[in-house]
There are 2 protein chains.
Amino acid sequence: MPNDQTSDLGAFEGLSPEEVRTILSGTSTVRLAPGDLLFLQGDPADRFFLLKQGWLKVTQVTADGQKLIVRIVHPGEFFGFAPALQRDEYPGSCEAIVDSVALVWPRNRWKAVLGAAPSVTLSIVQAIGRKLDEAHVRLREMTTEEAARRVANLLLRLWSEAGESALDTDGGIELPYPLTRQDIADMSGNTLHTVSRIMAAWETQGVLGRGRRKVVIADLDALKQLAGFDD
Amino acid sequence: MPNDQTSDLGAFEGLSPEEVRTILSGTSTVRLAPGDLLFLQGDPADRFFLLKQGWLKVTQVTADGQKLIVRIVHPGEFFGFAPALQRDEYPGSCEAIVDSVALVWPRNRWKAVLGAAPSVTLSIVQAIGRKLDEAHVRLREMTTEEAARRVANLLLRLWSEAGESALDTDGGIELPYPLTRQDIADMSGNTLHTVSRIMAAWETQGVLGRGRRKVVIADLDALKQLAGFDD
DNA sequence: CGATTTTTTGATGAGTTTCAAATGATGTGG
DNA sequence: CCACATCATTTGAAACTCATCAAAAAATCG
């Protein structure tokens, strides 16, 4: 189950130097410290990105101030591709969780990148399609499953996405970036309080490790049980 | 707000006859009656489709039998493109709501269709991207908004997607295909009962028209209010 | 016209949010 | 390097939304 993501950087593998040059032409690099905002919901969508290092979170805020973390961006993934969809505003905000480095294209380079090589086109479409698939799975979870199960599923998904970068500590498997209970609530569609209660219970049961701004999975199989596999 | 979708059939506009021939080569046509199932969740994903006429619903079922309607497919849209994402099974089932006609490609034609012309590539990517965007909006709604608001937003979205095909009746605007309260529940993440109560209330308030398996929007502005625009 | 499908409505209770407050960690500046 | 402010988490109690259970009414179809 871990590591089942195809790195989008892999999209550039097997390309001729010529093609890579085409793709990378016009790019620049941006460095971010934790908490830095790369773009804000409503900003003009004049750039799109690929994350080289680090982790980011993409959030959406409702009119009445409710927040949802739409996704965690992992190294190798495209993000902020609103320009590619002919949107002129970013639908969400993007914030660095840790020190990060991203590749930046101006929006008018989209056509060229997409058309650089058939294999690139194909893997970009696949990447977006996978995100769509994932969004539908989450949608189903959010509407049909109860709080605890949603949290369990979220943690499993984050672990799976982290793949190799998940840290093997003494207490179990640790996600390679910090997350608060509030973050987890915003990702799983719960309140901070509900998540705290749920996770505190799992800590005493030994399913999770204890830690501030940390997620440590102590008993993977137990967590899968809680997520609703089998039982 | 209505009609803001770009028809995917439009994707084939402005193409040379040569290119159109490439795209359509190897296709067949399938006709469906209401209730007919085109493919089932778990079926081998060996074909992908474009809806020419009618309306379909795509559903996903959880292990424990809970149902979610993932989307309504409108004329001109691609659907069942799991093969394009290198999936070998369809993640959901597809059922005709009314008499419908769809264009069918075998899965191995995907690369050729995608690469037929730059403008086709671009608009396919845009179409999938828009779906992703929409899924994120729904995700946010489902998790942060309460039942009535979710229903209001759903109805507005369906009206918007229907665009020109929405019927102008005496009682208001009617969606061009039948939907049960159960369908609406499965789309908005509610139970049949909750939806019935909500909609019955709106009917007495004059926001909606009365009807079995029908959705009639009598007072669009009122519905927008209920959905959370303004106030 | 009886059978089936769809919708309505009431009563009850479980699960979550909300409100309120305390406790525990972390960092910082004097 | 400690005192203090800040941030993160925990916990309790009350309120509320919505799902569940149960049943009847209304519309449609063969």
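Chain letters run A, B, ... following the sequence lines, proteins first and then strands; every chain starts at 1.
The CD-C1' distance, from B:Gln182 to C:dT8, rounds to 14 Å in whole Å. Atom pair A:Arg213:CZ and D:dT10:P shows a separation of 14 Å (rounding to whole Å applied). Separating the CG atom of B:Asp186 from the P atom of D:dA19 is a distance of 12 Å, rounded to the nearest angstrom. Residue B:Arg210 contributes atom CZ, which lies 17 Å from atom P of D:dA25 at whole-angstrom precision. When the P atom of D:dT17 is taken as reference, atom CD of B:Glu145 falls 15 Å away, rounded to whole Å. A straight line from CD of B:Glu146 to C1' of D:dA15 spans 14 Å, rounded to a whole angstrom. The distance from atom CZ of B:Arg150 to atom C1' of D:dT17 is 10 Å, rounded to the nearest whole Å.
Without hydrogens or angle criteria, B:Arg150 side chain to B:Gly189 main chain gives a donor-acceptor distance under 3.5 Å. Here the side chain of A:Ser100 pairs no donor or acceptor atom with the backbone of A:Ala96 at under 3.5 angstrom. In terms of modelled atom types and a separation under 3.5 Å, the side chain of B:Gln41 and the main chain of B:Val61 share a donor-acceptor contact.
Backbone-only contact: B:Gly189 has heavy atoms under 4.0 Å from sugar-phosphate atoms and none from a base.
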Worksheet item: Going through the distances and angles, do B:Phe39 and B:Phe49 end up as a ring pair (Phe, Tyr, Trp, His ring centres under 6.0 Å)?
Response: CA-CA 11 Å; B:Phe39 54 82; B:Phe49 311 85; 5.6 Å; yes
Discussion item. Let's go through B:Gln126 and B:Arg130 carefully: what are the C-alpha distance in whole Å and the side-chain angles of both, what is the deciding distance for side chain to side chain contact (heavy atoms under 4.5 Å, CB included) to 0.1 Å, and is it a yes or a no?
Written reply: CA-CA 6 Å; B:Gln126 276 170 19; B:Arg130 255 196 315 274; 4.2 Å; yes
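For A:Asn190 against A:Val195, the heavy-atom pair with the smallest separation is CB-CG2, 3.7 Å.
Looking at residues 191-204 of chain B, you'll see B:Thr191, B:His193, B:Thr194, B:Arg197 sit with a heavy atom under 4.0 Å from some atom of DNA chain D.
A donor-acceptor contact under 3.5 Å links the side chain of B:Arg212 to the base of C:dT5.
For A:Phe81, there are no ring-ring contact (aromatic ring centres under 6.0 Å, His included) partners, not counting sequence neighbours.
Between B:Asn190 and D:dC18 there is no side-chain polar atom (N or O) within less than 4.0 angstrom of OP1 or OP2.
Taking the side chain of B:Arg181 as heavy atoms from C-beta on, and the options D:dC18, C:dT8, C:dT6, the nearest nucleotide is C:dT8.
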